[in-house]
Number of protein chains: 2
Amino acid sequence: MNQNKTRRSKKSITIVDVAERAGVSVATASRALSGRGYASDAVKERVRRAARDLHYRMNAPARNLKVQRTNTIGLIITNIINPFYSHLANGVLDCANELGYRVLLGVTNEDPDLERVSLKVLLEQRVDGIIAVPTGQNQTLWREAVDMHTRLVLVDREIQGVPQVDAVLVDNVKGACAAITYLIGIGHRRIGMICGSSSTTTGKARVQGYYDAHQSANLPVAPDLMQGDSYNPDSGRRALEALLTLPEPPTAIFASSNILGEVAFSAIRARGLQIPGDLSFIMFDDSPWAALTTPSVSVVSQPTRSLGYVSLKLLDQRIQEARQGNAQAPMKIVMEPELILRESCAPLSGSRPVEFAGAGR
Amino acid sequence: MNQNKTRRSKKSITIVDVAERAGVSVATASRALSGRGYASDAVKERVRRAARDLHYRMNAPARNLKVQRTNTIGLIITNIINPFYSHLANGVLDCANELGYRVLLGVTNEDPDLERVSLKVLLEQRVDGIIAVPTGQNQTLWREAVDMHTRLVLVDREIQGVPQVDAVLVDNVKGACAAITYLIGIGHRRIGMICGSSSTTTGKARVQGYYDAHQSANLPVAPDLMQGDSYNPDSGRRALEALLTLPEPPTAIFASSNILGEVAFSAIRARGLQIPGDLSFIMFDDSPWAALTTPSVSVVSQPTRSLGYVSLKLLDQRIQEARQGNAQAPMKIVMEPELILRESCAPLSGSRPVEFAGAGR
DNA sequence: ACAAAATATGTAAACGTTTTCTTATCTGAT
DNA sequence: ATCAGATAAGAAAACGTTTACATATTTTGT
């Protein structure tokens, strides 16, 4: 008889349960809980306590469906164990906490296929916006995404052929140029470069910086001093090998990324070469280990956390604008890299490290 | 007249649009797209092409609501820039890709409040399960969560007072014990320990290992040789300071974590002490920099990626079981740490590093 | 050749919210 | 006293899927 009083099996409690217990309609319950619309204090209190008593948990999928919004953003990065990306992710996570977004994370490992499914998933999931470090491939897919006015901000890299899109970047050519100019300034003339992927805008920009620095100094560039075409460690190892076995090897090495730098640094030592005595060394992107090695390594540092943080700030702004129907034109935010001089570079003639302001302890 | 032919303003295309265009009912369209239930090949093809033509994207929130499942898991870790956790996260992400789960990420920074909101969000979002590195606080909340039969697997740490829950762990006391036993074995008698948070099971277990090792060797432990009570870097710095200014300072230092180890390693050098000449050094948890420093540092290494990977494997298994209604009893999977000997420890009497199998190059 | 089983499709009822209408009551201001 | 507006609460219609049920057609085993 009172069978329907005992809750039937596994059904979880919904807002109608709390409405019932509080003795109000579901509409009122909804208003009381969300705080939107009118609800008397007495009722508010009653339904709140009912919710608490019943251990009510809002069903977000239902809400998301109804309000056509998820308060969720998607984050697509290439690799979470690379400190560059984990710091970047840290920036967006912190900002997400502040702004009340949840974040759905996808990693691509630089694989266009994984990128494609990640993007598809996020789109299906109806995230409010996407922050992505693109692989550089899948151009038509990305273009399609922006055409469907998905809120999107690219970070770290752009996509060639997909122009009208927000992006927060660092000035890679300036950073690379600064590093090479510095090496030239202390006397180096044969500077080997371990290049990153030429299908990414960062990879390209960094070699551009290499060129620019040489041009400014009226120096020629020897093509065989530029090796490698991927951010992959193996590619870095091969590139270093190629540089070191040149008839006339370089006197300094510039690695295009922290990963490339790490394998190069290890490989150089494994060959028994002294840094900076035999070979000067510098790399793009700082990394936790760079300050701990002996010698510590000079780097061009990027504002990694900020990259992520302001990406979400920008994305949030776009989301708000879209809600209010006044979309603004896409913009590019470009941040400044910083040359951090430590102990891994020496003037060409001398054999002991030079002293730089703030370098070495 | 044919006004209704032009799609009205911003409405996004739904499955009824594709059903209409394919000339079938929505039910058939759903079946054709999902592959569940009957649908002739001809129809399948027709609705697939209709979907493609219209750029149809399934609305996941709607589906999630209907099927009461999200294919999403929640991952709560303390900090994404710590390599230990980023590798762990990497493991679950890889597994998620294989198994078709999306992952919603939350970081706590060891803050119980952040942990509480992260958990609340995940519960509301109706994730199929949760993998968490708990702060150790919020015990009642966690207990509540497991009571509401949320699928949960703890990783790295357990929660005191919340016993009946799956967990994948590493044998922390064994790892710490191995490290200390090794130090004792090469002659050290005063071994300083920089302790982690005693409110975590790992922090506790590692001091337990310290005790065990001393006990096995019939050695007393001096309380002032154990300093610190947090995984926070500042705590580590203070602890090291305390150890080094002891009337009779230790001859070796054991740091309870990679973070603690990093600050200790830097601080020791900053004080001008030679490792391992003046002081032997070892830490719990390997880290990318540990192999790159001079000297490279010996560690007790944990299977970080596996930790994450098998956590999700286990969680997935639990999710399947729950679906089939045959829930199994919670289990603990404990993995073995590994002592990796490098160059940072020397026998007490001698002054040059001993040679170990596989250590040093 | 016929019943039974398999295949194919459509109808309509959920899933748990939010929100737009109503309708009713309560405030002051005139 | 009356009216306009604010406040309070309910009824019901979405949001976009999936799926149980019903029905019709085809295949299969005997």
Side-chain angles (χ1 to χ4, degrees), chain A residues 7-48 50-51 54-72 123-128 323, chain B residues 7-48 50-51 54-72 123-128 323:
Chain A
R7 197 171 299 105
R8 51 207 181 290
S9 76
K10 288 254 176 154
K11 263 193 102 330
S12 65
I13 52 275
T14 76
I15 202 175
V16 350
D17 296 315
V18 348
E20 189 175 322
R21 176 176 242 255
V24 298
S25 72
V26 296
T28 333
S30 174
R31 279 188 292 250
L33 288 174
S34 74
R36 259 179 301 276
Y38 293 118
S40 69
D41 290 346
V43 161
K44 263 185 195 148
E45 190 42 41
R46 231 165 53 220
V47 357
R48 260 199 278 263
L54 294 173
H55 295 290
Y56 168 70
R57 299 243 175 243
M58 187 190 66
N59 184 313
R63 174 174 214 279
N64 292 343
L65 169 60
K66 178 58 189 171
V67 305
Q68 303 280 72
R69 182 188 335 144
T70 54
N71 276 325
T72 303
L123 259 17
E124 288 183 345
Q125 229 50 239
R126 296 297 192 271
V127 292
D128 293 345
R323 258 202 256 305
Chain B
R7 198 172 299 107
R8 51 209 181 289
S9 78
K10 287 255 175 153
K11 266 195 99 331
S12 66
I13 52 276
T14 75
I15 202 175
V16 351
D17 296 316
V18 348
E20 190 176 319
R21 176 177 244 254
V24 298
S25 71
V26 296
T28 325
S30 174
R31 279 187 291 250
L33 288 174
S34 74
R36 258 179 303 277
Y38 294 118
S40 69
D41 290 347
V43 161
K44 264 186 194 146
E45 189 44 38
R46 232 165 52 221
V47 359
R48 262 201 276 264
L54 295 173
H55 294 291
Y56 167 71
R57 298 241 176 247
M58 186 190 66
N59 185 313
R63 174 175 214 279
N64 292 342
L65 169 60
K66 178 56 188 173
V67 306
Q68 303 280 71
R69 182 189 336 145
T70 54
N71 277 324
T72 302
L123 259 17
E124 287 183 346
Q125 226 55 238
R126 296 297 194 270
V127 293
D128 293 345
R323 258 203 254 306

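Here is how names work: the chains are called A, B, and so on, in the same order as the sequence lines, proteins then strands, and each is numbered from 1.
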**OP:** Report which part of the nucleic acid B/S30 touches: base, sugar-phosphate, or nothing (heavy-atom distance under 4.0 Å, all strands).
**Re:** base
Original post:
Think B/T28 has a side-chain N or O under 4.0 angstrom from the OP1 or OP2 of C/dA8?
Top reply: no
Original post:
Where each residue is assigned the nucleotide of DNA chain C containing its nearest heavy atom, which of B/Q68 and B/A39 is assigned the position nearer the 5′ end?
Top reply: B/A39
**OP:** Could you check B/R21 against B/V47 for side-chain contact (heavy atoms from CB on, under 4.5 Å), going step by step and ending with a plain yes or no?
**Re:** CA-CA 8 Å; B/R21 176 177 244 254; B/V47 359; over 6 Å; no
Subject >> Min side-chain heavy-atom separation B/T70-B/R63 under 4.5 Å >> reply: no
Subject >> Terminal contacting nucleotides, 5' and 3', DNA chain D versus chain B (heavy atom, 4.0 Å) >> reply: D/dG16 to D/dA20
Subject >> d(CD, B/Q125; P, C/dT17) in whole Å >> reply: 13 Å
Original post:
Would you say B/R126 and B/Q68 make side-chain contact, with heavy atoms under 4.5 Å?
Top reply: no
**OP:** Specify the residue among B/R126 and B/V43 whose closest nucleotide of DNA chain C lies further upstream toward the 5′ end.
**Re:** B/V43
Original post:
Any side-chain N or O of B/S25 under 4.0 Å from OP1/OP2 of C/dG10?
Top reply: yes
Original post:
Should B/N71 and B/D128 be marked as a side-chain contact (heavy atoms from CB on, under 4.5 Å) after you check the CA-CA gap, both sets of side-chain angles, and the distance that decides it?
Top reply: CA-CA 6 Å; B/N71 277 324; B/D128 293 345; 4.1 Å; yes
Subject >> Residue met sooner reading DNA chain D from 5', once A/K44 and A/V26 are mapped to nucleotides >> reply: A/K44
Original post:
Could you give the CG-to-C1' distance, from A/N64 to C/dT18, as a whole number of Å?
Top reply: 12 Å
Original post:
Any side-chain heavy-atom pair from B/Y56 and B/I15 closer than 4.5 angstrom?
Top reply: yes
**OP:** Find the distance B/R36:CZ to C/dA8:C1' and express it as a whole number of Å.
**Re:** 17 Å
Subject >> Pairwise side-chain contact, A/T14 with A/N59, heavy-atom cut-off 4.5 Å (strictly under) >> reply: no
Original post:
A/D41 has an atom CG; how far is it from atom P of C/dC26, in whole Å?
Top reply: 16 Å
Original post:
Does the side-chain contact (heavy atoms from CB on, under 4.5 Å) test come out yes or no for B/M58 and B/L33, once each step is laid out?
Top reply: CA-CA 10 Å; B/M58 186 190 66; B/L33 288 174; over 6 Å; no
**OP:** Starting from C1' on C/dA13, measure out to CG on B/L65 and report it in whole angstrom.
**Re:** 13 Å
Original post:
Which whole-number value in Å describes the distance from A/Y38 OH to C/dT19 C1'?
Top reply: 15 Å
